[in-house]
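To start, the structure under review is shown below, and the notes come after it.
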Amino acid sequence: MGNRARAAIIRSQRITGLTPDVIAELVAEIGPLWHERHQTALAARSRRRAVGAGARHKLVFVDRLLATLVHLRHGATHDVLACWFGVDRSTITRAIGEVRPLLAARGCTIAPGHRLRTLAEVIDHLGTDGGTGIIDGTEVRVRRPPAGRKDREKFISGKNKQNAVKSMVVTDAEGRLLFCSPAEPASCADITHARKLGLVRLLTEGPAVEILADAGYQGLGAQTGGRVVTPPHRKFKKNAPDWYEEMHERQRKAHSSRRIRVEHGIGHLKNWRSLARHHGRREHMSDIIQSVAGLLSHQQVATASGTRT
């Protein structure tokens with residue numbers, strides 16, 4: 001790819017989803033990590049020629065990063081990216097497979113130079129700042145497993161009756177992304193997924209943190225000493241008095257207005273086409289979800305700090 005075409009891609013936030021400043025920071029941060037891994041892989045195998053001999057890369061690291069960003073942002077196929085960047089399809093597949101795990105390992109950015117990578121770090125951060133966390137589950141449609149595969153039915157969502165994977169998203173009271181969990185088959189309930197991630201143990205043994213959740217997490221409040229706040233239960237299933245209906249509706253709306261920020265955060269995630277529906281390998285969904293969450297949180301922090309170009 002020529003320098004003019006590369007510069008045009010970097011300047012257009014509509015193509016990559018990120019500003020040029022954020023892309024420059026990604027190049028400076030991930031480039032050395034990718035180069036180190038590449039050199040380690042070259043030195044780990046027996047060779048007839050010295051390291052560095054032979055043909056040079058047709059796809060430099062900046063182009064590898066841009067191809068990965070375009071693939072995540074717009075869901076462009078590897079064939080299309082190969083034609084765009086002037087390389088073979090296998091080169092694009094290899095480049096995305098190398099860059100995407102590096103993006104996923106970055107975690108979510110909450111301030112310049114400060115990132116959260118685990119749920120325990122999120123709870124500690126909220127406890128230190130005295131903030132409120134909001135959790136919710138989100139699903140991404142995936143390809144149906146082939147017939148005859150073991151545990152084929154575990155990807156079917158009980159909510160949407162579709163094949164999907166699920167991730168738990170954590171935001172603060174302002175809707176900033178703090179954490180996205182690895183993907184689980186969609187048959188796993190929201191509350192079960194939270195327990196698998198260790199949320200109950202972290203809240204009971206860690207700092208006093210308020211976590212807002214929807215009705216899918218009812219039951220965690222009793223297990224965490226009231227630290228997980230869910231919508232109020234209905235005490236009257238039939239023939240409820242008018243005063244109770246009015247009070248219950250008011251409490252439900254007050255709780256919903258507080259936790260709506262997590263829905264906004266999930267909506268920003270789903271603007272990236274790779275999370276609208278995934279047609280590739282289901283094993284890659286954890287890296288894809290965490291990569292997009294890290295990139296989006298980095299862009300949010302950069303915009304809030306006034307570094308938009």
Side-chain angles (χ1 to χ4, degrees), residues 1-38 55-109 112-113 115 140 176-177 180 265 267-280 284-285 287-309:
M1 174 174 288
N3 292 332
R4 295 181 61 183
R6 183 183 300 113
I9 295 175
I10 293 175
R11 285 196 303 267
S12 177
Q13 188 174 351
R14 296 179 61 184
I15 296 179
T16 62
L18 305 173
T19 58
D21 292 332
V22 173
I23 295 177
E25 294 176 6
L26 291 175
V27 173
E29 176 186 351
I30 301 178
L33 298 177
W34 175 85
H35 182 73
E36 181 181 355
R37 288 192 178 186
H38 180 67
R56 298 294 182 264
H57 287 299
K58 292 183 179 180
L59 202 64
V60 297
F61 174 75
V62 177
D63 292 343
R64 292 169 184 264
L65 176 62
L66 293 178
T68 305
L69 294 178
V70 174
H71 174 68
L72 294 174
R73 184 68 179 86
H74 298 284
T77 63
H78 295 185
D79 290 324
V80 172
L81 292 173
C83 295
W84 196 8
F85 286 88
V87 295
D88 191 74
R89 180 186 184 277
S90 61
T91 302
I92 294 294
T93 302
R94 189 183 310 111
I96 294 176
E98 293 173 352
V99 174
R100 187 173 54 207
L102 298 177
L103 294 175
R106 297 175 65 250
C108 290
T109 305
R115 297 198 180 101
V140 180
R176 294 179 300 182
L177 289 169
C180 275
H268 290 310
L269 284 174
K270 293 299 181 69
N271 284 334
W272 292 62
R273 293 286 296 176
S274 58
L275 295 184
R277 184 175 182 180
H278 183 61
H279 297 278
H284 297 160
M285 280 309 303
D287 282 349
I288 293 174
I289 292 174
Q290 293 174 330
S291 298
V292 174
L295 294 170
L296 186 56
S297 64
H298 194 167
Q299 181 60 55
Q300 289 174 344
V301 170
T303 302
S305 60
T307 59
R308 180 186 293 272
T309 302

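Positions are given from 1, in the same order as the sequence printed here.
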>> Walk me through whether Val70 and Trp84 qualify under side-chain contact (heavy atoms from CB on, under 4.5 Å).
In response: CA-CA 11 Å; Val70 174; Trp84 196 8; 3.8 Å; yes
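- Evaluation of the side-chain hydrogen bond (donor to acceptor under 3.5 Å, both in side chains) rule for Arg73 yields no partner, not counting sequence neighbours.
- Gln290 has its side chain out of reach of Leu103: every pair of non-hydrogen atoms, C-beta onward, lies at least 4.5 Å apart.
- Scored by the side-chain contact (heavy atoms from CB on, under 4.5 Å) test, Arg11 finds Ala7, Ala8 as partners (sequence neighbours excluded).
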Report, one line per pair, each donor and acceptor closer than 3.5 Å where one atom sits in a side chain of residues 76-83; sequence neighbours left out.
{"unit_1": "Thr77", "atom_1": "OG1", "unit_2": "Val80", "atom_2": "N", "d": "3.4"}
{"unit_1": "His78", "atom_1": "ND1", "unit_2": "Thr93", "atom_2": "OG1", "d": "2.8"}
{"unit_1": "Asp79", "atom_1": "OD1", "unit_2": "Arg89", "atom_2": "NE", "d": "3.1"}

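- By the side-chain hydrogen bond (donor to acceptor under 3.5 Å, both in side chains) test, His38 is found to be paired with His57, residues two or more places apart in sequence or in another chain being considered.
- Side-chain contact check for Arg37 versus Leu102: some heavy-atom pair is nearer than 4.5 Å.
- Between Arg115 and Glu29, at least one side-chain nitrogen of the basic residue sits less than 4.0 Å from a carboxylate oxygen of the acidic one, meeting the salt-bridge criterion.
- Side-chain contact of Asp21 with Thr19: a donor-acceptor pair under 3.5 Å is absent, judged by distance alone.
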>> Is there a side-chain contact (heavy atoms from CB on, under 4.5 Å) between Leu26 and Leu295? Walk through the geometry before answering.
In response: CA-CA 9 Å; Leu26 291 175; Leu295 294 170; 3.6 Å; yes
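- Between Glu98 and Arg64 there is a salt bridge, since a side-chain N of the basic residue sits under 4.0 Å from a carboxylate O of the acidic one.
- Applying the salt bridge (charged side-chain N to carboxylate O under 4.0 Å, His left out) test to Arg176 and every residue at least two apart in sequence or in another chain returns Asp172, Glu174.
- Judged purely by atom type and a 3.5 angstrom limit, His74 uses its side chain to pair as donor or acceptor with the backbone of Arg14.
- Between Leu66 and Phe85 there is a side-chain heavy-atom pair separated by less than 4.5 Å.
- Residues satisfying the side-chain hydrogen bond (donor to acceptor under 3.5 Å, both in side chains) test with His71, not counting sequence neighbours, are none.
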>> Is there a side-chain hydrogen bond (donor to acceptor under 3.5 Å, both in side chains) between His298 and Glu25? Walk through the geometry before answering.
In response: CA-CA 10 Å; His298 194 167; Glu25 294 176 6; 2.6 Å; yes
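- Side-chain N or O atoms of Ser297 include none that pairs as donor or acceptor with a backbone N or O of Leu177 at under 3.5 Å.
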